[in-house]
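Labels below follow one simple rule: chain letters A, B, ... track the order of the sequence lines, proteins then strands, and each chain is numbered from 1. This one's a predicted model, so the numbers in the text were calculated from it and none came from an experiment.
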Amino acid sequence: MYIEFSEEQRMLKESAEKYLNENYEFEARQKIVKSDSNYCSTQWQTFADLGWLAMTFAEEVGGFGGGALETMLLSEQLGVNLVVEPYFETVVFGGQLISAGASDEIKSRYLDALISGHCQVAFAWSETKHHHAMSDVAMAASVSGDSILLNGSKTVVLNGAAADVVLVLLRTAGERGQSDGLSLVLVDADAEGCVRRSYKTYDGRNAAEFSFSNVNVPLANVLGEQGSAMELLAPVVNRGILSLCAEAVGAMSALVDATVDYTKQRKQFGRSISRFQVLRHRMADMFIDLELCRSLMLATAWKLDHSDADAELTLAALKAKVASAGKFIAHNAIQLHGGIGTTDELKIGHYFKRIAAINSQFGSRDFHLARFAQLSQK
Amino acid sequence: MNDNNFRAEVRAFLQEELTPELKRAGELMTSVFADFDATMAWHRKLYQKGWVAPDWPEAYGGTGWTLNQRYIFQEECKLSNAPALLPMGLQMLGPMLIHYGSDEQKAHYLPRLLSGEDVWCQGYSEPGAGSDLASLSTSAVRDGDDYLINGSKIWTSYAQHSNKIFCLVRTSKEGAPQAGISFILVDMDTDGITVEPIVGLDGRVEQCQVFFDGVRVPVANLVGEENQGWEVAKYLLEFERGGHNFTIDHKKQMAKIRKQASEEYDADGCLWRDNSVFNARFAEVAVDALALEYTELRIKGALNAGGNPGALSSLCKIVGTETGQRFNEISMDILGPQALPFQIAALEPDFEGELIVADYALTCMPEYINNRAATIYGGSAEIQRDIIAKRVLGL
């Protein structure tokens, strides 16, 4: 395994870095977060114009054929700039699911719009009283003829407030706890009987509670095989976890940089607090954890792109390490900033909240350590 | 030759030349050093084959292998339990002489080092100069064509087996402490040198203190200019820190833990490998080992592309040694009282008596004990963190 970025990949990284550093400063970001809108549509349109939304789709559907490595590069920069626009929800997750599982007709209806910046997607799978096991989904739908009838509710649907379409994970067979029998259904967010209660999340993004009462959807809206949603989901979840971890790595690197800068400027006891060895060593440890995460992130992206046998093992290691390193770095960034680090005014705490949100999705540290242990014994 | 063919060639050689006695010496390693006689026997075999110094330039006796091939060679040697060669000559002094030595010095010392005729030890630390190496006080005073050396060096690994020592000595007290240090080569059988062994916590002798009492050394033995020893030493320290590949060591440790966990039982009478607390704890350390493995690959990639590992080698030293220590702790906890029998004779490769405990338990405690030194030697973990703070973070 040796990762060397291509010219295109280097350009993607540089263009994302340049555009966001110039146009997505912290103040601008806070304006979006504090506004009534779910995200900034002008920014989103620019992301589309820059080709970022198209980047990871196949050329047949209007994309540039990018893979895990491109997803990683872009996600990392979105993490550095704390971007709240729903790239993860709409492109990495929703878009890849549609692309992998939808009929040509649905693809042309939704993917074209998505790539040009005119369609927002949410993945609705969470139900109350369970964590990250998708097999725990209980909401059932009945299939009759060529239509499917939805009744039930979904909680904390990320990007749910902004979504034009919702991909609902539900049961067409089997029982709660079983992986088989799950189906993924594309539902228009304003379909009759579909009600949502929108809100914002602590990390400045949008979400909604969804309830479905007698929502009637054509059977053609089932993505992938009916009853085999997990097959369709597995590679997308893997890519999604990589994307979130890359975002966390971007956030961590911004925190290390900001903390180093701050401790150089902040004077106490007549000198810069960066002169104190206890703080210097703390920052060295933050740097070490950041670089260890980066190594796992690069390896995971490479392995996912090459369908390497160890890809899932490395991914589990990455998510587990990002969980502990993310906390260590964020907690210490706040600690070293002192009181000011605990305020809404400084960006430090907002990185902390985003890292906490990432740690709350798709499996905790314990979950991924257990998975890593299980995969290592194979 | 592609890497797979190369690996096959290395394996064939190891199969042929690595005798059971030599393998046993490798298995019984409880620190970075193996039994001395076995080490030198293996050194001579590799010398015969032309493989004793793969990291050296070909013109001086290196193999001309690619970085990948060198890595494969190292990996295969370790995984087949070859005894580790002594690093003081091959890894430290050799590259330094090639860089700073005079033509005469290179012609005289390098062949003797390669063949194993000379065994070198490293005279850096002193009782009063450890992490603050530049404060060293062993003095070399000019007297005609000689220097007269007085003082002492400590933590001198395998000085009891060495016939040569390379030393940092103080030749001036003017200016900054770093500015008055010189690098000099000394014969261990010169009058005035005495070697005192230091017994380690495992009951054996790896380290020594070396005393210099009016030791007369020709000025020609100076490497580089007088008072430029600090530069030479810094160059050498890079080799001491960056050259090590921790991943292979970690893989060996993990294999050992897996074996222990599949044979030993926890308090509930279940095999340790089925104990979820153990599995979570082992996984946590193994995740860090994996992260380090990919960091080492990143460094290898940078080196291949002609770059410099920079301070990432400090990161590797910290994470590599600390992760190794955490694996030691896990082994200790699995074995419980079985780690306690003190059967020092059984750690010799030629021991023929009866073992008190299983083979993997025999080495567990000495490995645990000896590995405490890993975060101290070669620049302590604290010094490495200082290096990261200063050179990487610009603090």
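A donor and an acceptor atom, one from each side chain of A:Ser75 and A:Glu247, are nowhere located under 3.5 Å apart. Between A:Gln77 and A:Asn81, the side chains place a donor N or O and an acceptor N or O closer than 3.5 Å (distance only, hydrogens not considered). Between the side chains of A:Ser295 and B:Arg298, a donor-acceptor pair is found at a separation under 3.5 Å.
Judged by the 6.0 Å distance and 45° axis criteria, B:Lys300 is positioned over the aromatic ring of B:Tyr71.
Contact of A:Gln374 with chain B is not made at all, since no heavy-atom distance falls under 4.5 Å. Heavy atoms of A:Arg365 lying under 4.5 Å from chain B belong exclusively to its side chain. In this structure, chain A has heavy atoms under 4.5 Å from both the backbone and the side chain of B:Arg273. At a 4.5 Å heavy-atom cutoff, the contact between B:Glu382 and chain A is made by backbone and side-chain atoms alike. For A:Thr263, the part lying near chain B is the side chain, with the backbone staying farther off; criterion is any non-hydrogen pair under 4.5 Å.
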- Task: Walk me through it: do B:Glu264 and B:Tyr360 pass the test side-chain hydrogen bond (donor to acceptor under 3.5 Å, both in side chains)?
- Result: CA-CA 11 Å; B:Glu264 300 286 336; B:Tyr360 57 61; 2.6 Å; yes
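Between chain B and the residues A:His368, A:Arg275, A:Arg294, A:His281, the most heavy-atom pairs under 4.5 angstrom are made by A:His281. The residue among B:Val319, B:Thr295, B:Ile318 with the most heavy atom pairs within less than 4.5 Å of chain A is B:Thr295.
For A:Phe352 and A:His331, the gap between ring centers is short of 6.0 Å.
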